[in-house]
Amino acid sequence: MRVLSVVGNRPQFIKSGPLSAALAARAVDEVVVHTGQHYDPELSQVFFDELGLGEPAYRLEAGSGSHAEQTARMLPGLEGALLAEEPGCVLVYGDTNSTLAGALVAVKLGVPIAHVEAGLRSFDRTMPEEWNRILVDRVSTLLLCPTEVAVRNLAAEGITEGVHVVGDVMLDANVRLATHARERSAALERAGVEPGRYLLLTLHREANVRPDALARIARALNALAEPVVFPAHPRTAAALAYGGIELGPHVRVLPPAGYLDFAALASQARAVLTDSGGVQKEAYWYGVPCVTLRTSTEWVETVETGWNRLTGDDPARIAEAVAQAGPGESHPPLYGDGHASDRIADLLCTMTRQ
Ligand code: UD1
Ligand code: UDP
């Protein structure tokens, strides 16, 4: 039984860890293709090293570019891998261009697709990720949803077959690794901050690295009275430099962190500021309030429970949300029980046997 997994971005490496282990435990032959969308060691190799991921069988080196160019560069290599490996299904994660490329090639070759994180919608169609979600869900055979909200989103688009609620594989990784991170990481000392007395920031969305939006966010950050630890995505670091946008000395700009250092920083922050999808959930799991620098989120439960505030890039809203950031009214378990990978692996076994 063979599954071909497509990964290419930081969060996909993280999500693939627990699922690869669950597949191996069931003697499923997993062939991993790394599209090369993320290639800098701190966005890619560090996760293979830290999380003990196996060496991908294929490395496509698609690299950066416009959405169409980047996606297109992945297609021939993916097609070659599928033709050579003849998998029973293709596994894709999330909502990136690598996810779309994997699904496109699989559908063209008539190979069933299993989509991890199916059914998520921000309902903001200006986001490139929203189209990737819609298109990939439309052609998937197995739709692996983290929540009932995701199931309802799919039903609203007429997709009801092959839909399963499995929980969130990112929680599986979190449960396994995050508790050790606090003990093992010296990231707080290195950043010169104390537990509960700093903010943690991540920023990489296309809309937020445009010069005008980035300047507004920088204005908001410069007005904050607390230390801000900012492991910066290279895209954002480049946009800050290109725009000549200065951040105050209380904003400590660092290279992107590894998973364990990031977990240590996120779990001990007073609050997290982010435009990431995954980081919103992780903040919730840590019981750390979150301020999301977007006007929409696909992780609506974090907002509904009062732990997450949406601000967009408006400095006044950011200031208010940071000042008010505190625990929500309740903290129900969200996004599963840490065993999503086992459920997904079981479903894949059923699918590839048919
Ligand atoms: C991509 C995903 C986004 C996901 C994120 C995870 C899409 C459309 N976007 O965004 O959904 O949340 O990954 O982190 O698929 N760059 C480097 N080194 C690298 C990779 C990128 O310097 O290793 C720089 C390049 O200048 C590149 C820019 O970052 O043009 C953007 O990279 P890209 O992969 O296109 O998008 P992300 O912002 O990383
Ligand atoms: N992350 C990390 N180092 C960082 C920033 C984020 O390890 O410097 C991890 C974070 O813990 C989470 C994942 O990367 O598990 C989120 O990925 P990202 O924000 O790049 O993408 P998104 O979730 O928005 O697609």
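Numbers here are sequence positions counted from 1. Here the structure is a predicted model, which is why all the values come from computation and not from measurement. Each ligand, and each atom within it, is numbered from 1 in the order the structure gives.
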Ligand-side contact atoms (ligand 2) for residue partner Met170, heavy atom cut-off under 4.0 Å: 12 (C), 13 (C), 15 (O)

Where's the contact between Asn97 and ligand 1, heavy-atom distance under 4.0 Å: side chain, backbone, both or neither? both

Proximal atoms of ligand 2 relative to Pro256 (non-hydrogen, under 4.0 Å): 8 (O)

Considering only NZ, NE, NH1 and NH2 on the basic side and carboxylate oxygens on the acidic side, decide whether Arg270 and Glu226 come within less than 4.0 Å. yes

Has ligand 2 got any nitrogen or oxygen that is less than 3.5 angstrom from a nitrogen or oxygen of Arg10? yes

Ligand 1 atoms nearer than 4.0 angstrom to some heavy atom of Leu43 are 19 (C), 20 (C), 23 (O)

Any N/O of Thr202 closer than 3.5 Å to an N/O of ligand 2? no

Is His204 in contact with ligand 2, taking contact as a heavy-atom separation below 4.0 Å? yes

Atom 9 (N) of ligand 1: closest protein heavy atom, distance to 0.1 Å, is Glu129 OE2, 3.5 Å

Atom 1 (C) of ligand 1: closest protein heavy atom, distance to 0.1 Å, is Asn9 ND2, 3.3 Å

So does Ala213 get a backbone contact from the side chain of Asp313, meaning a donor-acceptor N/O pair under 3.5 Å? no

Hey, are Arg133 and Glu117 close enough for a salt bridge, meaning a charged N less than 4.0 Å from a carboxylate O? no

Answer yes when Arg184 and Asp261 have at least one side-chain N-carboxylate O distance shorter than 4.0 Å, and no when they do not. no

Option nearest atom 7 (O) of ligand 2 (shortest heavy-atom distance, choices Phe230, Phe47, Phe13): Phe47

Cation-pi check, Arg294 onto Phe123 ring (under 6.0 Å, within 45° of axis): no

Would you mind checking if Glu301 and Lys281 are paired as a salt bridge, meaning a charged N to carboxylate O distance below 4.0 Å? no

Protein heavy-atom partner closest to atom 11 (O) of ligand 2 - residue, atom, separation in Å: Glu282 OE1, 2.7 Å

To the nearest 0.1 Å, how far is atom 23 (O) of ligand 2 from its closest protein heavy atom, and which atom is that? Gly278 N, 2.8 Å

Can you name the atoms of ligand 2, numbered from 1 with element, that are less than 4.0 Å from a heavy atom of Gly258? 7 (O)

Is the closest N or O pair between Gly277 and ligand 2 shorter than 3.5 Å? yes

Suppose we measure from atom 35 (O) of ligand 1 to each protein heavy atom; which comes out shortest, and what is that distance? Gln70 NE2, 3.4 Å

Which residue and heavy atom of the protein sit nearest atom 39 (O) of ligand 1, plus the separation: His38 NE2, 2.6 Å

Just one of Gln12, Arg10, Gln70 clears the side chain to side chain contact (heavy atoms under 4.5 Å, CB included) bar with Gln37, so which one? Gln70

Which distance, rounded to the nearest 0.5 Å, do you find between the CZ of Arg252 and the CG of Leu201? 13.5 Å

Between Thr96 and ligand 1, which part of the residue brings a heavy atom under 4.0 Å of the ligand: side chain, backbone, both or neither? both

Which of the atoms of ligand 1 are close to Pro234, meaning less than 4.0 Å from one of its heavy atoms? 17 (C), 18 (N), 22 (O)

the protein heavy atom lying closest to atom 17 (C) of ligand 1 turns out to be Tyr39 OH, 3.4 Å

Residue, atom and distance of the protein heavy atom nearest atom 19 (O) of ligand 2 read Ser276 OG, 2.7 Å

Tell me: protein heavy atom nearest atom 36 (O) of ligand 1, and distance? Arg235 NH1, 3.8 Å

Nearest neighbour in protein (non-hydrogen) for atom 10 (O) of ligand 1: His204 CD2, 4.0 Å

Treating Thr71 as the side-chain partner and His67 as the backbone partner, does any N or O pair qualify as donor plus acceptor under 3.5 Å? yes

Around atom 26 (O) of ligand 1, find the nearest protein heavy atom and jot down its residue, atom name and distance. Ser64 OG, 4.4 Å

Do me a favour and list the nearest non-hydrogen protein atom to atom 21 (O) of ligand 2 with residue, atom name and distance? Pro11 CG, 3.4 Å

Inspect the contact between Glu320 and Arg309 and indicate whether a charged nitrogen and a carboxylate oxygen are less than 4.0 angstrom apart. no

Is it the case that the side chains of Asn132 and Thr99 hold a donor-acceptor pair, with the cut-off being a distance below 3.5 Å and no angle test? no

Numbered in order shown, the ligand 2 atoms found under 4.0 Å of a heavy atom of Ala257 are 2 (C), 3 (N), 4 (C), 7 (O), 8 (O)

Classify the angle between the aromatic ring planes of His204 and His233 as parallel (below 30°), tilted (30 to 60°) or perpendicular (above 60°). parallel

If we number the atoms of ligand 2 from 1 as shown, the ones under 4.0 Å from a heavy atom of Ile14 are 9 (C), 13 (C), 14 (O), 15 (O)

Does Arg73 come within less than 4.0 Å of Glu61, counting only side-chain N to carboxylate O? no

Ligand 1 to His67, heavy atom cutoff 4.0 Å, flagged ligand atoms 8 (C)

Find all atoms of ligand 2 within a distance of less than 4.0 Å from any non-hydrogen atom belonging to Pro231, and give their numbers and elements. 8 (O)

When you group the ILVMFWY residues by side-chain heavy-atom contacts below 4.5 Å and let the links chain together, are Val303 and Tyr284 in the same group? no

Show the atoms of ligand 2 that are less than 4.0 angstrom away from any heavy atom in Tyr259. 7 (O), 15 (O)

Heavy-atom pairs closer than 4.0 Å: do any link ligand 2 to the side chain of Arg205, the backbone, both, or neither? side chain

Heavy atoms only: which of Arg133, His233, Met127, Arg205 is nearest to atom 32 (O) of ligand 1? His233

Is Arg26 paired with Asp346 through a side-chain N to carboxylate O contact shorter than 4.0 Å? yes

Rounded distance [0.5 Å steps], CG in Leu91 versus CD1 in Ile344: 7.5 Å

State the atoms of ligand 1, each with its element, that fall below the 4.0 Å cut-off from a heavy-atom position in Pro11. 6 (C), 14 (O)

When rounded to the nearest 0.5 Å, the distance separating CG of Asp29 from CD of Glu85 is 7.5 Å

If we ignore angles and hydrogens, is there a donor and acceptor under 3.5 Å between the side chains of Glu298 and Ser122? no

